[in-house]
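The next block holds one structure in the form of structure tokens; read it before the comments.
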Amino acid sequence: MLEDYNEILEDLKKHSHFRNIKNFENKDEKYIYFNGKKLINLSSNNYLGLADNKRITEAFFNSGGDKYSFGSASARLLTGTLPVYKELEKLISRLFKTDKTLLFNSGYHANVGINSSLASGGDVIFSDKLNHASIIDGMQLSKAKFFRYRHNDMENLENFLIKERKNFKNAIIVSESVFSMDGDIADLRKLVELKQKYNCILVLDEAHAFGVFGKTGLGVCENLEITDKVDLIVGTFGKAIGSMGAFATGKKELIEYLINKARSFIFSTALPPVNIAFSKFIIENELPKTYDKRMRMLELGRKAGSESHIIPVVIGGNKETVDTCEVLFHNGYFTLPIRPPTVPERTSRLRISLTTEINEKELFDAISLAKQTK
Ligand SMILES: Cc1ncc(COP(=O)(O)O)c(C=O)c1O
């Protein structure tokens, strides 16, 4: 029987699709240490340098972080809810000016739980074609019918809505705000207009925007002042915030529904209290200090032709992409080859993600090296 698996693995290797886990020696806010080399990390979601940051870890523990335990030993609905969980949920609701917030163990848990439960039999989901795997997995678990509209193509979405909306009871539109692999931004104003026009619930995943966009770092919705027009906003603490976990915030009915129906929330042990306290600490104490740095990072992303801090350098084939990463490695840059199924076939790429530590020279050096290789 194992032969089948071996065959598949061999096939993955043959087509440069094979994934393996790299054992890094160390990493900090800017560099990653691998195979004896110190490399500028251009593949990090630690956008603000808040993870792996000794000063911040120390400040957290000195401010009382050391009193929290490292295990919750229970799901939230059982015995896993201590005051700090509620405090973080209340903090998020206050910042977003929403009715209610629910913490999830990760963005993956949040999207799977939301998209599998909010729409059920007789309902419909309209999803951007390039939405994250966690959204797709959630939809596949749902009993609802789903349609995937062309990436960021509002005309295509509206055509689906015209044709299909009337055939279903509840309808969800789901999109990322900053797209994880392309770095472009959804047309959020149009999404709000369409959701209102066709009576849908709008779910927006701000995973890569929370902590980066907006005056206080809440995301693209804050930038556009449309937070109150989105029914459910998802954010993760695992990227810019430098911690772990995620939240969904929005209408009271939706949050209470998720507490009762989202299986990824119900049937999993809650994150450790120390981790929840750390996310809260970062949002209260560190995020407010990041405005200037965030704006500089976004400006640099725009200079490189992106709408955000995520800059795709599309190479095309899998092997060429892997080879390009290798060349960058030998020149002191760490990048990862992003290949199907994460991105569509023949669009394998380097996904350069900026952090506030990366300067203009480093970024453009890396991009030109990648393009020369291509
Ligand atoms: C758009 C998007 N949503 C959700 C997630 C999952 O978040 P987490 O890493 O917290 O599970 C990711 C992570 O890669 C993502 O890119």
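Indexing begins at 1, ligand by ligand and atom by atom, following the structure's order.
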Checklist entry - Any idea which part of Asn111 is under 4.0 Å from ligand 1, heavy-atom wise: side chain, backbone, both or neither? => result side chain
Checklist outcome for this item: With heavy atoms and a 4.0 Å threshold, my read on which part of Ala246 contacts ligand 1 is neither
Looking at [X], which atoms of ligand 1 are within less than 4.0 Å of one of its heavy atoms?
{"X": "Thr236", "result": "10 (O)"}
{"X": "Tyr108", "result": "6 (C), 7 (O), 8 (P), 11 (O)"}
{"X": "Gly107", "result": "6 (C), 7 (O), 8 (P), 10 (O), 11 (O)"}
{"X": "Ser180", "result": "16 (O)"}

Checklist entry - Does Glu176 reach ligand 1 with a nitrogen or oxygen that is under 3.5 Å from one of the ligand's nitrogen or oxygen atoms? => result no
Item to check | Atom pair CZ/CZ of Phe34 and Phe329 - distance to nearest 0.5 Å | outcome: 6.0 Å
Item to check | Contact check, Gly238 vs ligand 1, heavy-atom distance below 4.0 Å | outcome: no
Checklist entry - Is there a path of hydrophobic side-chain contacts, each under 4.5 Å between heavy atoms of I, L, V, M, F, W or Y residues, that connects Met181 with Ile367? => result no
Checklist entry - Mind checking whether Phe126 and Phe147 have parallel, tilted or perpendicular rings, split at 30° and 60°? => result parallel
Item to check | Cation-pi check, Lys38 onto Tyr33 ring (under 6.0 Å, within 45° of axis) | outcome: no
Next on the checklist: Can you confirm if the NZ or CZ of Lys239 lies within 45° of the ring axis of Tyr47 and under 6.0 Å from the centre of its six-membered ring?
Outcome noted: no
Checklist entry - Between Lys280 and Glu87, does at least one N-O distance fall below 4.0 Å, as a salt bridge requires? => result yes
Next on the checklist: If you take the nearest heavy atom of each of His208, Glu206, Lys239, His109, which one is closest to atom 16 (O) of ligand 1?
Outcome noted: His208
Checklist entry - Does the side chain of Ile201 reach to within under 4.5 Å of the side chain of Lys195, using non-hydrogen atoms? => result no
Next on the checklist: Under 6.0 Å between ring centres: does that hold for Phe60 and Phe281?
Outcome noted: yes
Next on the checklist: Counting non-hydrogen protein atoms only, what is the nearest one to atom 5 (C) of ligand 1? Give residue, atom name and distance.
Outcome noted: His132 CE1, 3.5 Å
Checklist outcome for this item: Looking only at protein heavy atoms, what sits closest to atom 3 (N) of ligand 1 is Asp205 OD2, 2.6 Å
